[in-house]
K.L.:
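Okay, here's the structure, questions in a sec.
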Protein chains: 6
Amino acid sequence: MGEEFLQHLYEKQRHVEAVPSNKIIAEWAFNLLDLIYPERVASPSYTLSEIRTRFLQLENELVRLMDATKACKECNNQSIARRFFEDVPELYRIMNTDVEAILNGDPASISTFEIIRTYPGFLTISLYRIAHALLKLEVPLIPRILTEHAHSLTGIDIHPGAQVGEYLYIDHGTGIVIGETTVIGNHVKLYQGVTLGALSVEKFMANTKRHPTLEDHVIIYAGATILGGDTVIGHDCVIGGNVWITKSVPPGSTVYHQSTIKVIEPNRA
Amino acid sequence: MGEEFLQHLYEKQRHVEAVPSNKIIAEWAFNLLDLIYPERVASPSYTLSEIRTRFLQLENELVRLMDATKACKECNNQSIARRFFEDVPELYRIMNTDVEAILNGDPASISTFEIIRTYPGFLTISLYRIAHALLKLEVPLIPRILTEHAHSLTGIDIHPGAQVGEYLYIDHGTGIVIGETTVIGNHVKLYQGVTLGALSVEKFMANTKRHPTLEDHVIIYAGATILGGDTVIGHDCVIGGNVWITKSVPPGSTVYHQSTIKVIEPNRA
Amino acid sequence: MGEEFLQHLYEKQRHVEAVPSNKIIAEWAFNLLDLIYPERVASPSYTLSEIRTRFLQLENELVRLMDATKACKECNNQSIARRFFEDVPELYRIMNTDVEAILNGDPASISTFEIIRTYPGFLTISLYRIAHALLKLEVPLIPRILTEHAHSLTGIDIHPGAQVGEYLYIDHGTGIVIGETTVIGNHVKLYQGVTLGALSVEKFMANTKRHPTLEDHVIIYAGATILGGDTVIGHDCVIGGNVWITKSVPPGSTVYHQSTIKVIEPNRA
Amino acid sequence: MGEEFLQHLYEKQRHVEAVPSNKIIAEWAFNLLDLIYPERVASPSYTLSEIRTRFLQLENELVRLMDATKACKECNNQSIARRFFEDVPELYRIMNTDVEAILNGDPASISTFEIIRTYPGFLTISLYRIAHALLKLEVPLIPRILTEHAHSLTGIDIHPGAQVGEYLYIDHGTGIVIGETTVIGNHVKLYQGVTLGALSVEKFMANTKRHPTLEDHVIIYAGATILGGDTVIGHDCVIGGNVWITKSVPPGSTVYHQSTIKVIEPNRA
Amino acid sequence: MGEEFLQHLYEKQRHVEAVPSNKIIAEWAFNLLDLIYPERVASPSYTLSEIRTRFLQLENELVRLMDATKACKECNNQSIARRFFEDVPELYRIMNTDVEAILNGDPASISTFEIIRTYPGFLTISLYRIAHALLKLEVPLIPRILTEHAHSLTGIDIHPGAQVGEYLYIDHGTGIVIGETTVIGNHVKLYQGVTLGALSVEKFMANTKRHPTLEDHVIIYAGATILGGDTVIGHDCVIGGNVWITKSVPPGSTVYHQSTIKVIEPNRA
Amino acid sequence: MGEEFLQHLYEKQRHVEAVPSNKIIAEWAFNLLDLIYPERVASPSYTLSEIRTRFLQLENELVRLMDATKACKECNNQSIARRFFEDVPELYRIMNTDVEAILNGDPASISTFEIIRTYPGFLTISLYRIAHALLKLEVPLIPRILTEHAHSLTGIDIHPGAQVGEYLYIDHGTGIVIGETTVIGNHVKLYQGVTLGALSVEKFMANTKRHPTLEDHVIIYAGATILGGDTVIGHDCVIGGNVWITKSVPPGSTVYHQSTIKVIEPNRA
């Protein structure tokens, strides 16, 4: 290996942005979830005083994570972290609507405990909601690292920029992709493999709405693909499995894929 | 953050069920797999006496995990754990049929060693088989935590309640979903993205058979979806990729999706 | 549990191949990536001398991993490791083309930093490239363990035997499967859920080309499936979402799935 | 090993007091020292807000340690911990006098930094001071565990019950023993191997003053032994090395051991 | 650094004995102590079945430690370990006499709990007793590693070859040295800094009795030195502090050091 | 706790010197010892290439430790580290003379392996020799941290500034203190509790020779104290136990303490 290559790596390294490791960032978020959802913890036993201190600590840690993220030099990280934590009770209220949506929607679910502990859908949604709240406060990089961490754990990819209403239902969820400019209403259900994506993916479109809008009470079954920034799925629509949609659908519609399945039975072959 | 919110979290925490952490539960299962599949271990070198003691230890640990899972207060955990471990040789025999199915079915597989070490399909099946055995002994929560752990590692989601025969073949498997009341025969092959799901997912259906039945020697190619508790795929059927099935198929049938692919060649455009 | 079963496990264990744990092997690869991509590290600060020594160390570790992999007793591991590390600058150059492909192709991407830190596509490609380089040097088992590790993290499964050109674009990627004998040209884009697989998967076909060929500048949208060793997707083709292809497509073609979507609007029902 | 023995251990274990591990208790104290002496930390960088939160945390941890120490069931641990932490600034002031005493007394000392980082004497004194403050608040067992931890690290054994003034100078200190009812004034210097012990060690004497009193400005050289609860070493005394004292010494005295050293020179033998 | 030196280290390393790390060996012994003295553990909660399995495990670990200690190739380690563990109840009985001796002898001791948790004397004695039992079974190196570990923790150095009766009392103990061929009776009390050593330390004396004998009920105060293999301190003797003895002392004697302490009072100077 | 106190700690912390933690510094030295004394390692198996790389790594780590020690801003740490490692073969040669001295001097020692693994004397001497070599290169603080670490492990306190010849024999060693300006010749033997100290310890004497000189082949028995910068113990002297010396002793002398031991036998009482 030539000296030149080593020198190149050395130079590159000296100019690289410094950002805390993905693992540290994810742990911060998991610690926050552990605090508001003690169901996640083996035998939770905090005193009231410990809960209060723990929030202060997590706030300090967030400041430290942001300080270490050199990209944002002029930010008042102390005040951003303060505002984020003031918003935690509201975040918690919304996450609870997601739990309720799963409990009501999945016949196999037994209890809120089981959902909080084991449902990849809820894990991803809750990390997304933390990431989205940080993004709104213009925190750089950390939001994306959080949702990618969720993605690697669950196979569900929600971009932190997406706007998602309350009572979002995601169960298995593997393969779900929700793009950056997606808008989702309340009481929406998404099954595995659903893509809410862009029609065309040219770089110059970076700042336009490229992903669809789903109004309230929409259900999208497994494997369906909805594309395009102008595509609006009206409220109370049901989109069938494997359907490919690039245009808007009026409220209350049912869309399904009229496929021709050919069955060759052995005695008739 | 208001004192009221802190007080709410404190109260909630005091009444939450106590269940050992997902990590601890998963480690127990991995330790069991390490013991019966030394291929998983860097340089296995147990003495006979150590193997014997290791099983006793894992039995003790299972008791401890169940004791810590407060949900089941009246269970005789000692006797449940004993019965589970009496069943381990049979579990092992069945897992070996899964290995054999993959070895025979995947041209890319080189050895049982490679399958045991690297195939996500086998990892998920073996964790499912442990989870299912525990569920049959009415162990609460732990089975679901085990299969969700497998899900997060491999993207394959087998509900612990599903009934699966011997020689199950799953290779890549990402995106496979097998519902709670699914019944699968022997020598079945499932490719990535296959869903064995419910037609309708109303909460009141929780205790009915909502997921399909696959008889022996069925092959289901990538992306196919089989729905409904009354749907029976007869023995020796082959279901093509991306097919969507909600009705039973007679034994020996081949089902494929007659899609209309439109090719626009450049010189003809 | 019978003594016989214990005795069986004991005997099996004594004859099992010894291979370092998957975790150790993956860590080696991640350490290599950390060295050439300091973006992955919280606050990189190596001196030039440390970078040089770190490469020597990683080379020693590779020798140790191969030595511990008993399968290859006659290999000159020292010289294999040396050759691998001589190739690292070229590997690095190619990985950089993958980063560039993502940066140019994804409107949501902000910087190379973000891609290197958070894109599962890049993570999988870079581990695949390391694995493939080792496979070409006939290193046993380690390559497959590396790509399966990537698979479990990202849901993207690239067999180390596949041949992949430069500037490969994979974004979300969940559910992508790229088979052992696939050949991929330069500047190819693959979206989530794409399968590049085998038509028929009989064991006797192990040494033939069973997976398709993609020429330069091919784009394959989400959920498409391309099967068969003789299937060649000509350069500059665009393959639409959910398309199922088992035959060659001439260069420059656009292939899409002419599906019949049925929309039942509420006022018309 | 008989079943009876196992049964005995089982029964014993069920009735044993529960006390957090020595390691956990010591870590709490070291964390407190790290906070007030950042010299102990590799690169201290707390914000003001973090320092404040850290104290709250350490207070919570002390409550938890005391709660886990079942011996004290009726204690109001929350209020004890509060009172301890209110006293920390005063503890800190006194520890600083110890640092100053060493800096002024040891020609080999270079800086307060070196003393805080490396002097076993200071480490032991500071842990003793924390232990003594807890003992005064009637915290059971934890004080003794702290001083024994110091003892095992430095070979200096100060009983938490001893009363020690300000500006205590201990340098190497190995082998120093300071008994439970010892009283030490200000500006006292103790060299290695000094014993401040009891004349007679009958069990019935447990609640009487059994160890000596040292008034202000006393110096005791290496290996000297001062015994007895009525023994008072008056202010400004100097006690020579290896001296054995069981009676009081008037203020300002110099006591030395008139030993007969016999030198046999070779040419005279 | 020359290549020759590296080559030398490489050659040396290839021929060095393999012995498990001191840390691993010490942990084994601490685990055994934790099992028979649950006072050492934060919140002990083993079931009877766990205690039984834990002993089997520790027996297996001892076999493994001995197997890894290459020095003893022909030993039947399985049977040695079995014999050691058969002796554990007797070892435990004797250790309990040591606890009792400290409880009765030290006015500052409050409870057996405090002694087991915090007294360096008891820690050293119990590790010595384990080491001595192993030495009698001719286990190489491990005994010495155990007593040196105790030495480094407490400053008390008991050679594993020493023969020590029941009810040994050691309190602070720092600086105590008990040589290889020392013989100690029952109910003996040793204070800090006591040396039971050899008169002359010529290498050719390795296999002779070089260290003294202490009969029952002997008390030796701080800093006393007893030397020589023929030196017998008769039963019920009391040896004063700092005394230097190289000849036998008849039973029931009191030996003290008639020192000439010179006191210079200030008003008489 | 007042805001003022917190503010004070915050200010202090901001101005404190940054020095890597004692633990990190000690680990560096232990890693170096592990490399040159594979006897310390459980199963050493480096290749020649690994040994070479390991030295480079340790050199880099030393640079990093020195860089992190802000006290020395103008030092060329890279070149200091280089010079230190060039000296390692010589350091190793001298340490081997210490091993040899113990092997020849202690009848209880069995092998060099046992000495390197278990003798606190050798551990302390070897850490001192590393510390002294660093001090000669004017490395600040690190030398003292190393010898204090040894002190806390063994109770033997050798100041890094002391000058010590070859073949130093220390066995148990607890309580040995060797002052900063001590000079020790070759083939010297020191037993436990020996102090080589200063007569008077006024601060203004910091830069003068305050501690004694021991010429070649001197033996000093347990508990002896030699004080004063002008005190020279001539070659081949034997100094008896507990002797207190403040003046020079001609070569070849035997010095002992003519103590009056009073024995009160019971039948004569």
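Quick caveat: nothing in here was measured; it's all calculated off a predicted structure. Chain identifiers are assigned alphabetically (A, B, ...) following the order of the sequence lines, protein sequences preceding nucleic acid strands; residue numbering begins at 1 within each chain.
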K.L.:
With a 4.5 angstrom heavy-atom cut-off, could you sort out which part of B:Val243 is near chain A: side chain, backbone, both or neither?
P.N.:
both

K.L.:
Identify which part of B:Asp157 has an atom lying under 4.5 Å from any heavy atom of chain A, answering side chain, backbone, both or neither.
P.N.:
side chain

K.L.:
Do you know which of B:Glu3, B:Lys23, B:Glu11 has the most heavy-atom pairs with chain A at a distance under 4.5 angstrom?
P.N.:
B:Glu3

K.L.:
Would you name the heavy atoms of A:Asn242 and B:Trp244 that are closest together and state the gap between them?
P.N.:
ND2-CE3, 4.2 Å

K.L.:
What's the shortest heavy-atom distance between A:Ala42 and B:Pro20, and which atoms?
P.N.:
CB-CA, 4.1 Å

K.L.:
Could you have a look at A:Gly193, A:Pro38, A:Ser152 and say which one has the most heavy-atom pairs with chain B under 4.5 angstrom?
P.N.:
A:Pro38

K.L.:
Say you draw a straight line from OG1 of B:Thr254 to NZ of A:Lys262; how long is it, rounded to the nearest 0.5 Å?
P.N.:
11.5 Å

K.L.:
Heavy atoms only, distances under 4.5 angstrom: which of B:Gly155, B:Gly161, B:Gly240 has the most pairs with chain A? Name it, please.
P.N.:
B:Gly155

K.L.:
Among A:Leu35, A:Leu48, A:Thr154, which residue forms the greatest number of heavy-atom pairs with chain B at distances under 4.5 Å?
P.N.:
A:Leu48

K.L.:
Can you say whether the rings of B:Phe5 and A:Phe55 are parallel (under 30°), tilted (30 to 60°) or perpendicular (over 60°)?
P.N.:
tilted

K.L.:
To the nearest 0.5 Å, what is the distance between CZ on A:Arg52 and OH on B:Tyr10?
P.N.:
11.5 Å

K.L.:
Count the heavy-atom pairs under 4.5 Å between each of A:Gly223, A:Ser45, A:Pro89, A:Ser111 and chain B, then report the option with the highest count.
P.N.:
A:Pro89

K.L.:
If I measure from the heavy atoms of chain B, does A:Gln192 come under 4.5 Å with its side chain, its backbone, both, or neither?
P.N.:
side chain

K.L.:
Does any backbone or side-chain atom of B:Val16 lie under 4.5 Å from a heavy atom of chain A? Answer side chain, backbone, both or neither.
P.N.:
side chain

K.L.:
Might you point out which heavy atoms bring B:Arg144 and A:Thr118 nearest each other, and give the distance in Å?
P.N.:
CG-OG1, 3.8 Å

K.L.:
Using heavy-atom distances under 4.5 Å, tell me whether A:Thr112 contacts chain B through its side chain, its backbone, both, or neither.
P.N.:
neither

K.L.:
Near B:Asp230 CG, under 6.0 Å, is it more than 12 heavy atoms from other residues, nucleotides or ligands?
P.N.:
no

K.L.:
Below 4.5 Å, heavy-atom pairs only: which of A:Arg82, A:Glu114, A:Glu86 has the largest tally toward chain B?
P.N.:
A:Glu114

K.L.:
Can you name the nearest heavy-atom pair linking A:Ile51 to B:Leu9, along with the distance?
P.N.:
CD1-C, 4.2 Å

K.L.:
Heavy atoms only, distances under 4.5 angstrom: which of B:His159, B:His8, B:His149 has the most pairs with chain A? Name it, please.
P.N.:
B:His8

K.L.:
Walk me through whether B:Val177 and A:Thr174 qualify under side-chain contact (heavy atoms from CB on, under 4.5 Å).
P.N.:
CA-CA 9 Å; B:Val177 175; A:Thr174 311; 5.6 Å; no

K.L.:
So, for B:Gln13 and A:Tyr46, which heavy atoms are closest and what is the spacing to 0.1 Å?
P.N.:
OE1-N, 2.7 Å

K.L.:
Most heavy-atom pairs under 4.5 angstrom with chain A, which of B:Arg14, B:Gln7, B:Glu4?
P.N.:
B:Gln7

K.L.:
Would you say B:Lys12's side chain and A:Glu39's backbone share a donor-acceptor pair under 3.5 angstrom?
P.N.:
no

K.L.:
Report yes if the side chains of B:Leu141 and A:Phe113 come closer than 4.5 Å at any heavy-atom pair, otherwise no.
P.N.:
yes

K.L.:
Is A:Arg117 reaching over with its side chain to a backbone N or O of B:Val19, donor-acceptor style, under 3.5 angstrom?
P.N.:
yes

